[in-house]
There are 2 protein chains.
Amino acid sequence: MATTQDRQLVEQWRGIQNSYFRTASALERALEARFHIGLNEFEILDLVAECADAECRMKALGERTPMTQSAVSKVVDRLEKAGLVSRQTCTDDRRSLYLELTDAGRILHADAAVEHRSLLKENLGE
Amino acid sequence: MATTQDRQLVEQWRGIQNSYFRTASALERALEARFHIGLNEFEILDLVAECADAECRMKALGERTPMTQSAVSKVVDRLEKAGLVSRQTCTDDRRSLYLELTDAGRILHADAAVEHRSLLKENLGE
DNA sequence: TCAATCTATATGACGCGTCATTCAATGACA
DNA sequence: TGTCATTGAATGACGCGTCATATAGATTGA
């Protein structure tokens, strides 16, 4: 039996889906067009940039994003191939890796972040 | 320069991403486990069910979901192969198709919808 | 009525995310 | 110290969504 509450829930969920997709694809398109990176690549870059000088382990990234561990690993592959990030081995635990922005990565992130924030403002700021 | 507003926007966006992913994957897992259909399959089934007896054209579906036209086409492929839906040709425009739930589709949708609403309530109703 | 154009859907190539698995390094405990 | 379980990360197979295109049917206008 479809209750009124059910219909409201479905409406609410569709609203979330729409605003999520609208925003995500606006970000995706802009970042792809102007910086040749996908949204997930940017998100990881952004997280690495936030780490500042603290070591930024792969593990930590996995905890700050809904992406899977293996997705993170592949995103980092692409970022590394693009020369934006580099994997460094940890001396205190040789299973771990931490990430560093390259100079190119720092520059691209700075520019892309401006675009990113501005698109968020357009799409989220009502 | 990272302003306070920027940080708030990023926080807001991450919040949306998290709640979207959390909810979507809970739905995905449950529907997959109990009914052997994915979330998008269910969403289409749900839209077709909403059409009641009015003809439900593929075209119309495309307008009610963030999915691409070709994604809708493929989701319908799967639903049809699973025997939950059938494509009917329109007499007034032979390019168009409309969809009908099969009996199995109606039954599965009824059960899955209960589960779907209940998971939405858990995940969205605070 | 015949082109030229447009519209509804399908399809194939491709990229990416997920799952399951693997591998090496670490920890725990006897 | 040796075994067994655990952990951080990478990898390959696979499914799905997207983009660009194809195709058949409709529409327009001379």
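Keep in mind that the numbers below use all heavy atoms, side chains included, and drop hydrogens, waters and symmetry copies. To find a chain, count down the sequence lines: A is the first, B the second, and so on, and within it residues start at 1.
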Inset, instruction - Please figure out whether Val76(A) or Met67(B) has its closest DNA chain D nucleotide nearer the 5' end. - result: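 Per heavy-atom nearest nucleotide, the more 5' residue is Val76(A).
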Inset, instruction - Assign each of Arg95(A) and Ser73(A) to its nearest nucleotide of DNA chain D by heavy atoms, then name whichever residue's nucleotide is nearer the 5' end. - result: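 The residue closer to the strand's 5' end, by nearest nucleotide, is Arg95(A).
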For atom [atom1] of [X] and atom [atom2] of [N], their distance in whole Å:
X        : N       : atom1 : atom2 : result
Glu28(B) : dG17(D) : CD    : P     : 9 Å
Gln88(A) : dA9(D)  : CD    : P     : 13 Å
Lys81(A) : dG15(C) : NZ    : C1'   : 13 Å
Arg57(A) : dA10(D) : CZ    : P     : 14 Å
Leu39(A) : dT18(D) : CG    : P     : 14 Å
Leu99(B) : dA8(C)  : CG    : P     : 15 Å
Leu79(A) : dA9(D)  : CG    : P     : 15 Å

Inset, instruction - Could you check whether Ser70(A) gets within reach of a base, just the sugar-phosphate, or nothing at all, counting any heavy atom under 4.0 Å? - result: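 If one applies the 4.0 Å heavy-atom cut-off, Ser70(A) turns out to touch a base.
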Would you mind checking if [Y] and [X] are paired as a salt bridge, meaning a charged N to carboxylate O distance below 4.0 Å?
X        : Y        : value
Glu50(A) : Arg14(B) : yes
Lys59(B) : Glu63(B) : yes
Asp92(A) : Arg57(A) : yes

Legend entry - Closest-nucleotide 5' rank along DNA chain C - winner of Glu41(A) and Arg94(A):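 The answer here is Glu41(A).
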N or O in side chain of [X] less than 4.0 angstrom from [N] OP1/OP2:
X        : N       : value
Lys59(A) : dG8(D)  : yes
Asn40(A) : dC16(C) : no
Arg87(A) : dA10(D) : yes

Inset, instruction - Confirm from the modelled atom types if Gln69(B) and dA10(C) form a donor-acceptor pair under 3.5 Å, side chain to base only. - result: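 It does, because a donor-acceptor pair links the side chain of Gln69(B) to the base of dA10(C) below 3.5 Å.
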Inset, instruction - Report yes or no: is there a donor-acceptor pair, N or O only, under 3.5 Å between the side chain of Lys74(B) and the base of dG12(C)? - result: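 Looking at the base of dG12(C), it does pair with a donor or acceptor on the side chain of Lys74(B) (distance under 3.5 Å).
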Legend entry - More than 12 heavy atoms of other groups within 6.0 Å of Arg64(A) CZ: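 No, the 6.0 Å shell around CZ holds no more than 12 heavy atoms from other groups.
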Inset, instruction - Tell me yes or no: between the side chains of Glu100(A) and Thr102(A), is some donor less than 3.5 Å from an acceptor? - result: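 No, no side-chain donor-acceptor contact under 3.5 Å.
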From the list [options], which nucleotide is the closest neighbour of the side chain of [X]?
X        : options                   : answer
Thr68(B) : dA25(C), dC19(D), dA9(D)  : dC19(D)
Asp77(A) : dT11(D), dT26(C), dG12(C) : dT11(D)
Arg78(A) : dG17(D), dA10(D), dC16(C) : dC16(C)
Asp93(A) : dG17(D), dA25(C), dA10(C) : dA25(C)

